[in-house]
Protein chains: 2
Amino acid sequence: MGKLLIVGTVAFDAIETPFGKTDKILGGAATFIGLAASQFDLDSAIVSVVGDDFPQEYLDLLSSKNIDISAIEIVKGGKTFYWKGKYHNDLNSRDTLATELNVLANFSPVVPHNFKNAEVVMLGNLHPSVQKSVIEQMETKPRLIVLDTMNFWMDNALEELLDVIKHVDVITINDEEARQLTKEYSLVKAAAAIHKLGPKYVVIKKGEHGALLFKDENVFFAPALPLEEVFDPTGAGDTFAGGFAGYLAESKNISFNNMKSAIIHGSNLASFCVEKFGTERMKNLERKEVTKRLMQFKELTQFDIELQ
Amino acid sequence: MGKLLIVGTVAFDAIETPFGKTDKILGGAATFIGLAASQFDLDSAIVSVVGDDFPQEYLDLLSSKNIDISAIEIVKGGKTFYWKGKYHNDLNSRDTLATELNVLANFSPVVPHNFKNAEVVMLGNLHPSVQKSVIEQMETKPRLIVLDTMNFWMDNALEELLDVIKHVDVITINDEEARQLTKEYSLVKAAAAIHKLGPKYVVIKKGEHGALLFKDENVFFAPALPLEEVFDPTGAGDTFAGGFAGYLAESKNISFNNMKSAIIHGSNLASFCVEKFGTERMKNLERKEVTKRLMQFKELTQFDIELQ
């Protein structure tokens, strides 16, 4: 079975959308990545850190999805990373109301021994030095290292970000961040510029407008599934990345054609994530629902034109 | 051979983009629709009006594409409709700097006798009463009536617009306009609301973010081709509509599956239109370039996932 190593935050989120608001609920990049990847047949582990204020039931939820949580460090007397945000009416933009790093401030990840040979490493959004430290702990060269990042690190740790980017195979980044990183407005040109920084594959996430996969001259596009209502976008990008990495870890095939399928699987899972607050939709998501919606993705995008 | 009747403006445009500006050049909805539709094997005619300031070479260009221009009225002493606009840096929004209706103010369209039995009628953006008058002149019920419109008519002639919409099979409308017309933010809900106004098929154009086709519960999506540079978006929506209607007129098949192909043909042709100012790219576009780019569309969107 394929092995997937996941690094990222396990956290509390408090979310406000036009449809309602939550108290502190389960969140964090590694949480969403792990839940998405648990839809595939693979061994996965999360490397992260929480405080001893973190409920056991959240840890149990991750365990119940066959995710190895032994490398989620629990800091005695520490407080778990906390993010609070409010989405605007169009759900495409949000204000961060609070960010408390807490135990994340001194996080030093330790890759579990039995995942030092993982074929796929998914580096969720975190300080680039933490991401780099995980790469350095691998004993065998992973078949694929996927990195997600955000504008915060471009503003505050650009040098470290450019350093870790050199060592990854795939980067997932949103459209505005790709433009910020490269100073190119055209996403085609931005992707070409990012290729030169290291990653062979560049995935540009456009939220409700889908995602693009670039490799040299090859481009693939997956739309977001048109939904009656997007309820809460929190975690959609991480769910996308988790579906992408999870599918590749399971299928052990990193051809461009299989990457296309991985992008579709990621988009498909993200379409569930946004239907409810936080992890609510993902934690009970059944395989048959996923398969049914994949069929909708086919109907949404596949056409039949004969070319001479 | 299929017959396509096109109604819309034939006009002068003056365009400014971040890449340059033009004096008065050939423009107008019917012009772009006609040039796009000329990529297909069909008989087409344009019903429109110009002043006697309109250059013969522009009329000759349309004729050279096998478009019947006998119903383009030339008003002696009249001035041709003129639009001047300036695009913002992102090319997604623009300011209208001048709109001179001129001969369009008193336009009373006359459908040529031999097109009163056209199978497909493409009503380009115009006053809804003018669009309605064309429908009323048809002697046989067209297989398909396609209507394009814009927010200007929602603001200034809503009653007439709602009246003509009742009589068409397909409406093409952009995302913001669909939201304005229906007061629904979700495009899925907006499309459902527009279905109730009459059209069986609703096409929502999202510019660089592609286009959606809705029919009852069925949805199809075509992306815009990711380009290194979009030079001038003027006419892209009309080119899309012209490719869509032209393909359907040629193939004489209005199944949902064939509509999908029509959406792809429209998106494909629009991807050329934006590469140069005005009609410059479309007027010399060769069939083999079109076919080659259709192949790119397949590579961009088609994937292979086996579902159990």
Side-chain angles (χ1 to χ4, degrees), chain A residues 18 89-91 175 179 184-192 204 206-210 212-214 217-230 247 256-265 268 287-288 290-292 294-308, chain B residues 18 89-91 175 179 184-192 204 206-210 212-214 217-230 247 256-265 268 287-288 290-292 294-308:
Chain A
N89 276 337
D90 65 1
L91 291 171
D175 44 1
R179 287 172 174 141
E184 293 284 0
Y185 183 80
S186 155
L187 297 180
V188 175
K189 288 185 177 177
I204 297 184
K206 305 201 295 171
E208 64 164 327
H209 298 303
L212 286 157
L213 167 68
F214 294 90
E217 301 306 305
N218 300 305
V219 195
F220 178 68
F221 175 82
L225 196 73
L227 295 171
E228 287 227 348
E229 211 71 84
V230 171
Y247 174 75
F256 190 73
N257 267 342
N258 204 51
M259 288 252 179
K260 290 182 175 186
S261 300
I263 293 280
I264 293 292
H265 280 284
N268 190 46
R287 203 70 68 96
K288 66 184 177 196
V290 176
T291 305
K292 190 176 169 196
L294 275 175
M295 183 61 82
Q296 284 181 266
F297 259 92
K298 277 196 155 183
E299 287 169 3
L300 178 68
T301 57
Q302 305 303 284
F303 59 85
D304 190 21
I305 293 181
E306 296 290 327
L307 299 174
Q308 287 82 26
Chain B
N89 275 337
D90 66 1
L91 291 170
D175 44 0
R179 287 174 174 139
E184 293 283 2
Y185 183 79
S186 154
L187 297 179
V188 175
K189 289 185 177 176
I204 297 184
K206 305 201 295 171
E208 64 165 326
H209 298 303
L212 286 157
L213 166 68
F214 293 90
E217 302 304 305
N218 300 304
V219 195
F220 179 68
F221 175 82
L225 196 73
L227 295 170
E228 286 228 349
E229 211 71 85
V230 171
Y247 174 75
F256 191 74
N257 266 342
N258 205 51
M259 288 253 178
K260 290 183 175 185
S261 300
I263 293 280
I264 293 292
H265 280 284
N268 190 45
R287 203 68 69 97
K288 67 184 176 195
V290 175
T291 304
K292 188 176 169 194
L294 275 174
M295 183 60 82
Q296 283 182 266
F297 259 92
K298 278 196 154 184
E299 288 170 2
L300 179 67
T301 57
Q302 305 303 284
F303 59 85
D304 189 20
I305 293 181
E306 297 290 328
L307 299 175
Q308 285 82 29

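Proteins come first, then strands; the chains are lettered A, B, ... in the order of their sequence lines, and each starts at number 1. No hydrogens, no waters, no symmetry mates; every other heavy atom, side chains included, goes into these values.
- Pairing each heavy atom of B/E299 with each of A/F220, the nearest pair is O-CD1, 3.8 Å.
- Residue pairs meeting the salt bridge (Lys or Arg N to Asp or Glu O under 4.0 Å) criterion with at least one partner in residues 217-226 of chain B, sequence neighbours excluded, do not occur; the list is empty.
- For B/D90, the parts lying under 4.5 angstrom from a heavy atom of chain A are both the backbone and the side chain.
- Taking CG of A/D175 as the reference point, atom CD of B/E208 lies at 8.5 Å (rounded to 0.5 Å).
- Across all non-hydrogen atoms, the minimal contact from A/Q302 to B/K260 is O-NZ, 3.6 Å.
- A/E229 has its side chain within reach of B/K189: a pair of non-hydrogen atoms, C-beta onward, lies under 4.5 Å apart.
- Summarising the geometry, atom CG belonging to A/N257 is positioned 11.0 Å from atom CD1 belonging to B/I305; distances are rounded to the nearest 0.5 Å.
- By number of non-hydrogen pairs under 4.5 angstrom with chain A, the leading residue of B/L187, B/I264, B/D304 is B/I264.
- When heavy atoms are compared at a cutoff of 4.5 Å, B/L300 approaches chain A by way of both its backbone and its side chain.
- Minimum heavy-atom separation, A/S186 to B/L227: OG-O, 3.4 Å.
- When heavy atoms are compared at a cutoff of 4.5 Å, A/K298 approaches chain B by way of both its backbone and its side chain.
- With respect to A/F221, the ring-ring contact (aromatic ring centres under 6.0 Å, His included) criterion is satisfied by exactly one of B/F221, B/F303, B/F297: B/F221.
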